[in-house]
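Worksheet for the structure shown next.
Counting starts at 1 for both ligands and their atoms, following the listed order.
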Amino acid sequence: MFNLGNVSVPSSSAEGEKRQVKVLILGSGPAGLSAALYAARAELEPVVLTGMELGGQAGLTHTIENYPGFPDGVGGPELGELFQKQAERFGAKVEFDSAVSVDLSSRPFKVTTENGEYLAETLIIGTGARPNHLEIPGEYEFTGKGVSYCATCDGWFFKDKKVVVVGGGDSALEEGLFLTRFASSVTVIHRRDSLRAGKVLQSRAFNNPKVNFIWDTVVTEAAGNGKLEHLKLKNVVTGAESTFEADGLFVFIGHTPNTQMFEGQLEMRDGGYIVSNHLMETNVAGVFVAGEVADNHFRQVVTSAGMGAAAAIQGTHFLEKVAAAE
Ligand code: NAP
C-alpha cells in the first residue's frame, strides 16, 4: 500500500449533505488514477474514492518491471504514488473513502460512500478485481512469503526454486509457463484429471521439461517457518494425504470483479465483469469503466491505465455533449 500522505480522509458529512462533482472515479488502481489524470487535465476536478486497497492490486505488487518508462522496474506502491501525484498536480482530489451503493437510474448519479454521498454527473468505475483465494490455513500468513497470485509480479523472486501452481485454466498454464523462466520446477496441481486451459497452452506445458502435473489433488494447507516450506495435499479421488515441499505457491483459480454494487443496474457478463464497448461506455450513458472490472483478459497495469485514460476522454466528450444540448 502506498502512504496516505496526500489522501484526504473526509470527515462524515452532515446528514443529507451531498457533494456535487462532475466526475467521480471509483478505485485508485492504475485505471482510476489514470482516469483522474486525464479528467483533471480537462479541468473537471475529478474526485477519486480510493476504495479499501490504495493503488489496487498493483499497489500490492512488490516490483513492476513491465510498465513502460521504468527500465529498472518500479515498486507497485511507488508507481501508485507517482500516478496520484501526477493527477493531483492538475487538480484531482483523492479521498480515502469507499462507495457502498450507487443509484444509476438517473443523472446525476447518486453514490453513497462510507463517509457521505455524492451526486456525480459522470461516473468512472475502476473498482478492479480480486484474485480468488483457496481459503486454506496458512494462505494469508504466507502471502508475500511464498504465496502469490501474480507470476508476472513475483516470479523473479523464485529463481532456481521449486514452485507449485494451483489451477487448470489458461491463467494457471500461462503463468506457470512464465515461471519456468525462473523456477527450477513448476508443479501444476489441479483438482481434476483434465485441464480447462486451451490446447495450445496445454501442449506447451506438457512439452516443457520443467512442468509437472499432480492430478485430482487439492492443496489443503500452506506451512513453513517464517516463509513457505511445504504444502499439504489431498487426492480428491482416493482421499490420500501427502506433504509436498515448495518454496512458492501460485494460485490461479480465477478472479472476481468488484461489481456487486452495480448488479441489476449495469449490464454484466459471465463472472460479473461489466460490459463495455471500445469507448469504455456501459449500457448507462455517462457511466464508464476501466481496468479489470471490465477486462479479464489483459489484466496489466499498462492496459488498465490506458483504459482509464480512454474512459476519462469519453467522459469529457459526454459532458461536453450534455452541456451543448442544454
Ligand atoms: P478459469 O478459466 O476460471 O480457470 C480457473 C481454474 O481454477 C479451473 O481449472 C478450476 O478448476 C480451478 N479452480 C477454481 N476454483 C478452485 C479451487 N477452489 N481449488 C482448486 N482449483 C480451483 O480462470 P483463468 O484461468 O483465470 O481464466 C479466466 C479467463 O481468462 C478465461 O476465459 C481464460 O480463457 C482467459 N484467459 C486467457 C488467456 C489466454 O488466452 N492466453 C490467459 C489467461 C486467461 P476446474 O477446471 O475444475 O473448474
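Under the 4.0 Å distance rule, the nearest protein heavy atom to atom 38 (C) of ligand 1 falls inside the cut-off. For atom 7 (O) of ligand 1, the nearest protein heavy atom is under 4.0 Å away.
The distance criterion of under 3.5 Å between nitrogen or oxygen atoms is not met by H297 with respect to ligand 1. Residue-to-ligand polar distances keep L201 apart from ligand 1: every N/O pair is separated by 3.5 Å or more. Geometrically, ligand 1 and G167 share no nitrogen or oxygen pair separated by less than 3.5 Å. When only interatomic distances are considered, the shortest N/O to N/O separation between R196 and ligand 1 falls below 3.5 Å. Taking any N or O of R191, backbone or side chain, at least one lies under 3.5 Å from an N or O belonging to ligand 1.
Side-chain atoms of N283 come within 3.5 Å of backbone atoms of E267 as a donor-acceptor pair (strictly under, hydrogens ignored).
Annotation for W156: atom CH2 does not count as buried by contact number, only 12 or fewer foreign heavy atoms lying within 6.0 Å.
Contacts of H190 with ligand 1, taken as heavy-atom pairs under 4.0 Å, involve the side chain alone.
The side-chain heavy atoms of R19 and L119, taken from C-beta on, include no pair separated by under 4.5 Å.
Considering only non-hydrogen protein atoms, atom 41 (N) of ligand 1 sits nearest to E174 OE2, 2.7 Å.
K22 has no carboxylate O lying under 4.0 Å from a charged side-chain N of E43, or vice versa, which leaves the two without a salt bridge.
Taking each of L134, D170, L173 in turn, the one with a heavy atom nearest to atom 33 (C) of ligand 1 proves to be D170. Of the candidates S171, S194, G168, S171 brings a heavy atom nearest to atom 44 (C) of ligand 1.
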